Amino acid sequence: MSGQADSSVTKARIESLSNFNDQIVTIQGWVYNKRSSGKIQFILVRDGSGIAQCVIAKNAVAPEVFSICDSLTQESSVTVTGKVHKDDRAPGGYEIQAEDLSAVQVAKDYPITPKEHGVEFLMDHRHLWLRSSHQHAIIRIRHQIIKAVREFFDNKGFILVDSPILTPASVEGTSTLFETEYFDLGKAYLTQSGQLYAEASAMAFGKVYCFGPTFRAEKSKTRRHLTEFWMVEPEVAWADLNDDMDLAEEFIEHIVQTVLMKSEPELKVLERDLTKLQPVKRPFPRLHYDEAVEILKKNGVDFQYGNDLGGADETIISQQYDRPVMVHHYPAACKAFYMKRDPLRPELTLSVDVLASEGYGEIIGGSQREDDYDTLIKRLEENNLPRQPFEWYLDLRRYGSVPHSGFGLGIERTVAWVCGLEHVRETIPFARMIYRNTP
RNA sequence: UCCUCGGUAGCUCAAUUGGCAGAGCAAUCGGCUGUUAACCGAUGGGUUGCAGGUUCGAGUCCUGCCCGAGGAGCCA
């Protein structure tokens with residue numbers, strides 16, 4: 001019976017077609033592209049795992065099946081049954097010599113054609129753009145990176161302890177927070193960092209990480225910013241700044257080397273230069289802030305000592321090396337209140353930023369945390385922060401305070417770097433930016 | 001928030017000094033039994049972002065607004 005897939009036939013995913021050579025299988029997917037020559041048609045079908053060329057010869061199928069194929073359009077959903085055949089002319093090396101095909105739904109005027117499109121158009125059709133092979137590769141690498149992140153911490157005895165997303169107050173002031181009404185309790189805010197809660201969790205479990213979405217209401221409009229992004233934040237009790245840097249470089253090495261090992265086809269689709277990723281191995285260069293400033297001055301930058309590094313400054317520094325570089329001991333003036341000061345030079349913090357190579361900029365920000373009760377109170381006052389919302393945080397210093405450190409890694413910036421992309425908007429399925437919250 | 005650039009067919013773009021708004025792709029129809037972003041022929045397709053203004057005449061010049069892109073600041 002034509003037009004209906006035979007339910008007794010083996011269903012196959014396209015990625016595993018090579019296991020079914022010379023066997024009859026059924027694949028279910030969407031028309032990616034079609035080429036027709038009158039009495040023979042080549043239909044490229046994608047099913048999420050790959051793309052397979054289906055060959056429909058007029059003398060090999062029922063006339064009504066051939067006519068259905070004639071009417072197929074891009075992204076129509078189809079079920080195809082046929083023999084898997086090894087053929088070098090087929091993309092991927094295997095094709096399906098169709099015996100039967102049914103159209104589940106014929107798409108009308110699919111907007112994204114296999115031609116060039118502008119950013120605005122593609123972002124407006126993000127829900128469809130995700131079907132294209134380039135976007136497919138990026139999201140699959142994102143998946144692999146997130147897997148590598150969890151694997152790394154899980155294998156090192158870290159416990160996943162997630163921080164809340166709705167919070168009563170800010171970590172660093174309320175100007176950059178999304179605000180919402182919270183029943184009778186007044187305002188609540190979307191978290192801009194899970195860190196303070198991760199510190200509490202670390203005092204309970206020793207080594208923890210939290211991993212979730214983070215929100216910044218900053219009106220940033222650059223290729224490195226989203227208003228909603230994902231961040232993984234490890235926090236470790238009994239760890240100082242050096243321990244923190246050791247952890248960060250081993251972590252990034254693991255992420256990059258895992259992607260190199262497991263995502264080769266996707267990196268190929270993206271035409272990523274692998275020689276830029278292969279050197280990402282320990283040890284990473286470690287630059288004291290003072291040394292970073294020296295490098296900038298040698299490169300002719302008119303840099304004011306004590307300032308934070310700007311995007312252009314980070315690019316200059318990262319281009320000195322073939323792997324990420326760790327800049328530590330930033331001035332306190334440009335860092336958060338909870339960072340511990342260098343006892344020998346109290347104007348500097350025990351902090352570290354990891355700058356990705358090739359000018360991709362900051363992907364990690366971390367520090368040793370202030371663990372002394374009295375000092376922390378002083379920091380709150382210096383920053384004009386109210387004490388009451390931080391009482392629970394101060395408790396961590398009242399009851400068994402220990403040296404502890406941690407950092408946050410931005411997933412989207414990491415994906416952009418690993419994939420070699422121009423902009424972070426393609427590294428998350430549905431980007432939220434200052435001028436876009438749809439689709 | 002500030003600076004710079006842009007908005008013309010479904011998409012990507014062109015249109016000389018202010019003088020008939022066009023091409024490629026997509027769509028539709030026809031042809032082709034090994035195509036690789038297939039190819040060949042034909043057809044349809046426009047409130048030139050919006051609102052005013054100047055002019056015999058505005059896609060083009062002027063004013064205001066809307067939308068988008070890149071960057072700065074801030075950050076992951």
Side-chain angles (χ1 to χ4, degrees), chain A residues 32-44 51 53-61 66 70-71 73-75 85 87-93 95 97 107-125 128-129 132-134 171-173 175-176 191-195 213-233 248 307-315 330 334-336 353-356 360-366 407-417 422-425 427-428 433-436:
Chain A
Y32 194 71
N33 204 351
K34 194 176 83 168
R35 290 180 278 271
S36 150
S37 285
K39 297 199 177 70
I40 185 167
Q41 301 187 47
F42 301 91
I43 298 174
L44 295 181
I51 296 177
Q53 172 166 283
C54 301
V55 185
I56 295 95
K58 193 163 191 173
N59 59 14
V61 298
F66 197 79
D70 247 343
S71 71
T73 53
Q74 195 187 350
E75 288 304 320
H85 176 68
D87 192 316
D88 292 338
R89 290 171 297 186
E95 64 186 17
Q97 295 175 329
K108 180 121 175 63
D109 296 330
Y110 184 71
I112 303 179
T113 60
K115 299 288 173 188
E116 286 173 23
H117 299 283
V119 170
E120 184 182 2
F121 177 81
L122 289 170
M123 287 304 289
D124 282 343
H125 295 85
L128 303 175
W129 190 23
S132 72
S133 56
H134 208 259
V171 177
E172 300 159 36
S175 62
T176 61
T191 182
Q192 59 184 180
S193 165
Q195 184 207 309
T214 304
F215 306 87
R216 302 275 166 93
E218 292 154 358
K219 295 196 169 180
S220 299
K221 186 170 166 23
T222 80
R223 66 184 71 194
R224 300 187 302 280
H225 286 89
L226 299 169
T227 55
E228 175 182 325
F229 64 98
W230 285 67
M231 186 155 67
V232 56
E233 294 172 280
N307 283 355
D308 203 356
L309 302 179
D313 305 324
E314 290 181 353
T315 299
Y330 281 81
C334 50
K335 288 293 180 184
D353 281 3
V354 180
L355 311 180
Y360 272 89
E362 183 184 351
I363 53 173
I364 277 182
F407 60 79
L409 172 118
I411 292 295
E412 287 75 19
R413 285 186 182 179
T414 304
V415 176
W417 167 52
E422 280 294 307
H423 201 298
V424 292
R425 65 185 157 220
T427 66
I428 187 166
M433 295 174 289
I434 175 170
Y435 293 127
R436 174 178 296 281

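It should be emphasised that the depicted structure is a prediction, and the values quoted were computed from it without experimental measurement. Numbered from 1 within each chain, the chains take letters A, B, ... in sequence-line order.
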Q) Which is true for A/Pro111 with a 4.0 Å heavy-atom rule: it touches a base, it touches only sugar-phosphate, or it touches nothing? A) nothing
Q: Using atom CD of A/Glu218 as one end and atom C1' of B/rA72 as the other, report the distance to the nearest whole Å.
A: 13 Å
(Q) Taking only the C1' atom of each, what is the distance from B/rU54 to B/rA14 in whole angstrom? (A) 27 Å
Q: Check the distance between B/rG68's P and A/Ile434's CD1 and give it to me in whole angstrom.
A: 10 Å
Q) So what does A/Glu228 hit on the nucleic acid, given a heavy-atom distance under 4.0 Å: a base, only sugar-phosphate, or nothing? A) nothing
Q.
Under 4.0 Å, heavy atoms only, any strand: does A/Leu226 hit a base, just the sugar-phosphate, or nothing?
A. base
Q. Which of the following nucleotides, B/rU12, B/rC74, B/rA76, is nearest to the side chain of A/Glu116?
A. B/rU12
Q: Rounded to whole angstrom, note down the C1' distance from B/rG22 over to B/rC39.
A: 24 Å
Q: Please state the C1' separation for the pair B/rG64 and B/rG70 - nearest whole angstrom.
A: 24 Å
Q: Nearest whole angstrom, please: distance from the C1' of B/rA76 to the CZ of A/Phe229.
A: 5 Å
Q. If you take atom types as modelled and just measure distance, does the side chain of A/Arg436 reach the base of B/rC67 with a donor-acceptor pair under 3.5 Å?
A. no
Q) OP1 or OP2 of B/rU1 less than 4.0 angstrom from a side-chain nitrogen or oxygen of A/Lys219, does that happen here? A) yes
Q. Among B/rU35, B/rC75, B/rU12, which is the nearest nucleotide to the side chain of A/His225?
A. B/rC75
Q | Residue-phosphate contact under 4.0 Å: A/His117 side-chain N/O, B/rA26 OP1/OP2 | A | no
Q: Would you indicate which nucleotide in B/rU35, B/rC11, B/rA37 comes nearest to any side-chain atom of A/Gln53?
A: B/rU35
Q. Can you check the A/Phe121 CZ to B/rG49 P distance for me, whole Å?
A. 18 Å
Q.
When the P atoms of B/rC66 and B/rA26 are compared, how many Å lie between them, rounded to an integer?
A. 38 Å
Q) Roughly, in whole Å, what's the span from OH in A/Tyr330 to P in B/rC75? A) 11 Å
**Q.** Spacing of A/Leu226 atom CG and A/Glu218 atom CD [to the nearest 0.5 Å]
**A.** 11.5 Å
Q. Is the backbone of A/Gly310 close enough, under 3.5 Å, to the side chain of A/Asp313 for a donor and an acceptor to pair up by distance?
A. yes
Q. Is A/Arg224 near enough to B/rG70 that one of its side-chain N or O atoms lies under 4.0 angstrom from OP1 or OP2?
A. no
**Q.** A/Asp124 CG to B/rC11 C1', straight-line distance once rounded to whole Å
**A.** 13 Å
Q: Could you check whether A/Thr113 gets within reach of a base, just the sugar-phosphate, or nothing at all, counting any heavy atom under 4.0 Å?
A: sugar-phosphate
Q.
Here's a test for you: under side chain to side chain contact (heavy atoms under 4.5 Å, CB included), which of A/Gln74, A/Gln53, A/Lys34 qualifies with A/Leu44?
A. A/Gln53
Q) Considering heavy-atom distances to RNA chain B, does A/Asn59 or A/Gln74 have its closest nucleotide positioned more toward the 5' end? A) A/Gln74
Q. How far does the C1' atom of B/rU60 sit from the matching atom of B/rU17, given to the nearest Å?
A. 11 Å
Q: Select from A/Ala57 and A/Gly118 the residue whose nearest nucleotide in RNA chain B is closer to the 5' end of that strand.
A: A/Gly118
**Q.** Minimum-distance nucleotide (side-chain atoms of A/Arg425 versus B/rU33, B/rG70, B/rG68)
**A.** B/rG70
(Q) Applying a 4.0 Å non-hydrogen cut-off, can you work out what A/Tyr435 is touching in the nucleic acid: base, sugar-phosphate, or nothing? (A) sugar-phosphate
(Q) Tell me the closest heavy-atom pair linking A/Asn33 and A/Pro114, and the distance in Å. (A) ND2-CG, 4.2 Å
Q: Evaluate the side-chain proximity of A/Val55 to A/Phe42: yes if any heavy-atom separation is below 4.5 Å, no if none is.
A: yes
**Q.** Nucleotide nearest A/Gln97 when distance is taken to its side chain, options B/rU28, B/rG68, B/rG34
**A.** B/rG34
Q: Specify the separation, in whole Å, of atom CG of A/Asp308 and atom P of B/rC74.
A: 7 Å
Q. How is A/His423 classified with respect to the nucleic acid when contacts are heavy atoms under 4.0 Å: base, sugar-phosphate, or nothing?
A. sugar-phosphate
Q. Distance between the P atoms of B/rC13 and B/rG6, in whole angstroms?
A. 13 Å
Q: Would you sort out whether A/Tyr110 and A/Thr73 count as a side chain to side chain contact (heavy atoms under 4.5 Å, CB included), showing the intermediate values?
A: CA-CA 8 Å; A/Tyr110 184 71; A/Thr73 53; over 6 Å; no
Q: Among the candidates B/rA76, B/rG68, B/rA69, find the nucleotide nearest to the side-chain atoms of A/Lys221.
A: B/rA69
**Q.** Opposite nucleotide pairing with B/rG41, Watson-Crick or G-U, both atom distances under 3.5 Å
**A.** B/rC29
Q) Do the side chain of A/Thr176 and the base of B/rC74 come within less than 3.5 angstrom through a donor-acceptor pair of N or O atoms? A) no
Q. Closest to the A/Lys39 side chain: B/rU35, B/rC32, B/rC75?
A. B/rC32
Q: Scan A/Thr414 against the nucleic acid and name what it touches under 4.0 Å (heavy atoms): base, sugar-phosphate only, or nothing.
A: nothing
Q. Which of these nucleotides, B/rU35, B/rU12, B/rG73, is closest to any side-chain atom of A/Thr222?
A. B/rG73
Q: Take the angle between the ring planes of A/His117 and A/Phe121 and call it parallel below 30°, perpendicular above 60°, tilted in between.
A: parallel
Q. Which whole number of Å gives the distance between the C1' atom of B/rC74 and that of B/rA37?
A. 42 Å
Q.
Can you say whether a donor on the side chain of A/Gln41 sits under 3.5 Å from an acceptor on the base of B/rU35, or the other way round?
A. no
(Q) If I pick the P atom on B/rA72 and the same atom on B/rA58, what distance separates them, to the nearest angstrom? (A) 42 Å
Q: Side chain of A/Asp109 only, please: which of B/rC75, B/rC32, B/rA27 is the nearest?
A: B/rA27
Q. A/Phe42 side chain: which of B/rU35, B/rC74, B/rA76 is closest?
A. B/rU35
Q | Interatomic distance where CG belongs to A/Leu409 and P belongs to B/rA76 [whole Å] | A | 11 Å
Q: Using the side chain to side chain contact (heavy atoms under 4.5 Å, CB included) rule, take A/Ile428 and A/Trp230 through it: C-alpha gap first, then chi angles, then the decisive distance, then the call.
A: CA-CA 9 Å; A/Ile428 187 166; A/Trp230 285 67; 4.0 Å; yes
